[in-house]
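For reference, the structure discussed in these notes is given below.
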Amino acid sequence: MANPKIEQFKKVLQMDPKDETMWFGLGKAYMSDENWKEAIPALEQCILVKPEYSAAYYALAQSLHQTREFEKCQTICTEGITVATKNGDLLVIKNLEALKASLPSS
């Protein structure tokens, strides 16, 4: 069954495509359904709308990890650590560093 939250997020985003919290929520809703492929573009859009949204980098990195896009995941982890450091988001930094360390070396 389709997640009703996803449809709600999509409706709001049709009215306001620049709402980063709705993009983040949509991405997280896809993640909770383990629909990683759909989560990735929603989270990328969140970062596009608000490049300093630290938590979106972590969620995107997690989704990329799940789809085995390790090289892109590595890049997002690095970018996210930079953004989270500027924002002082210590938990996001810690989570991104741990995820980055778990990636297979190329």
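Please read all numbers here as calculations on a predicted model, not as lab measurements.
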Under the ring-ring contact (aromatic ring centres under 6.0 Å, His included) test, residues paired with Y57 that sit two or more places apart: none

Checking K37 against T67: is there a side-chain donor and acceptor pair closer than 3.5 Å? no

Could you go through the side-chain contact (heavy atoms from CB on, under 4.5 Å) check for E20 and K18 one step at a time? CA-CA 6 Å; E20 73 278 355; K18 297 239 177 278; over 6 Å; no

Could you tell me if the side chain of E69 sits less than 4.5 Å from the side chain of I40, heavy atoms only? yes

Could you please spell out the steps behind the side-chain contact (heavy atoms from CB on, under 4.5 Å) verdict for V49 and D19? CA-CA 7 Å; V49 171; D19 188 332; over 6 Å; no

Spell out, yes or no, whether Y30 and V12 are grouped together once hydrophobic residues are joined by side-chain heavy atoms under 4.5 Å, including indirect joins. yes

Contact between N95 and L91 at the side-chain level, heavy atoms closer than 4.5 Å - yes or no? yes

Among T85, T78, V83, find the one that has a side-chain contact (heavy atoms from CB on, under 4.5 Å) with I81. T85

Kindly determine whether L90 and K94 satisfy side-chain contact (heavy atoms from CB on, under 4.5 Å), including the steps that lead there. CA-CA 6 Å; L90 300 178; K94 185 179 146 222; over 6 Å; no

If every non-hydrogen atom of C77 is compared with every non-hydrogen atom of A61, which pair is closest and at what distance? SG-CB, 3.8 Å

So which heavy atom on C46 is nearest to which on F24, and how close? SG-CB, 3.8 Å

Tightest non-hydrogen contact, residues N3 and S32, listed as ND2-OG, 4.0 Å

Locate the shortest heavy-atom distance separating L99 from Q62; write the atom from each residue and the value. CD2-N, 3.7 Å

Under 4.5 Å between side-chain heavy atoms, hopping through other hydrophobics if needed: is there a path connecting M22 to I47? no

Between Y53 and T21, is there a side-chain heavy-atom distance shorter than 4.5 Å? yes

So do K5 and F9 actually touch side chain to side chain, heavy atoms under 4.5 Å? yes

Residues two or more places apart in sequence or in another chain: which of them pass ring-ring contact (aromatic ring centres under 6.0 Å, His included) with Y58? none

Between S54 and N87, the two heavy atoms sitting closest are OG-ND2, 2.7 Å

Out of curiosity, E7 CD to L26 CG, how far, rounded to the nearest 0.5 Å? 9.0 Å

Test item: I6 and E38 side chains (from C-beta on) under 4.5 Å apart, heavy atoms: no

Where the side chain of W23 meets the backbone of P17, is there a donor-acceptor pair that is under 3.5 Å apart? yes

Would L60 and L103 show up in the same hydrophobic cluster when neighbours are defined by side-chain heavy atoms closer than 4.5 Å? no

Closest non-hydrogen atom pair, V92 against A84: CG1-CB, 3.9 Å

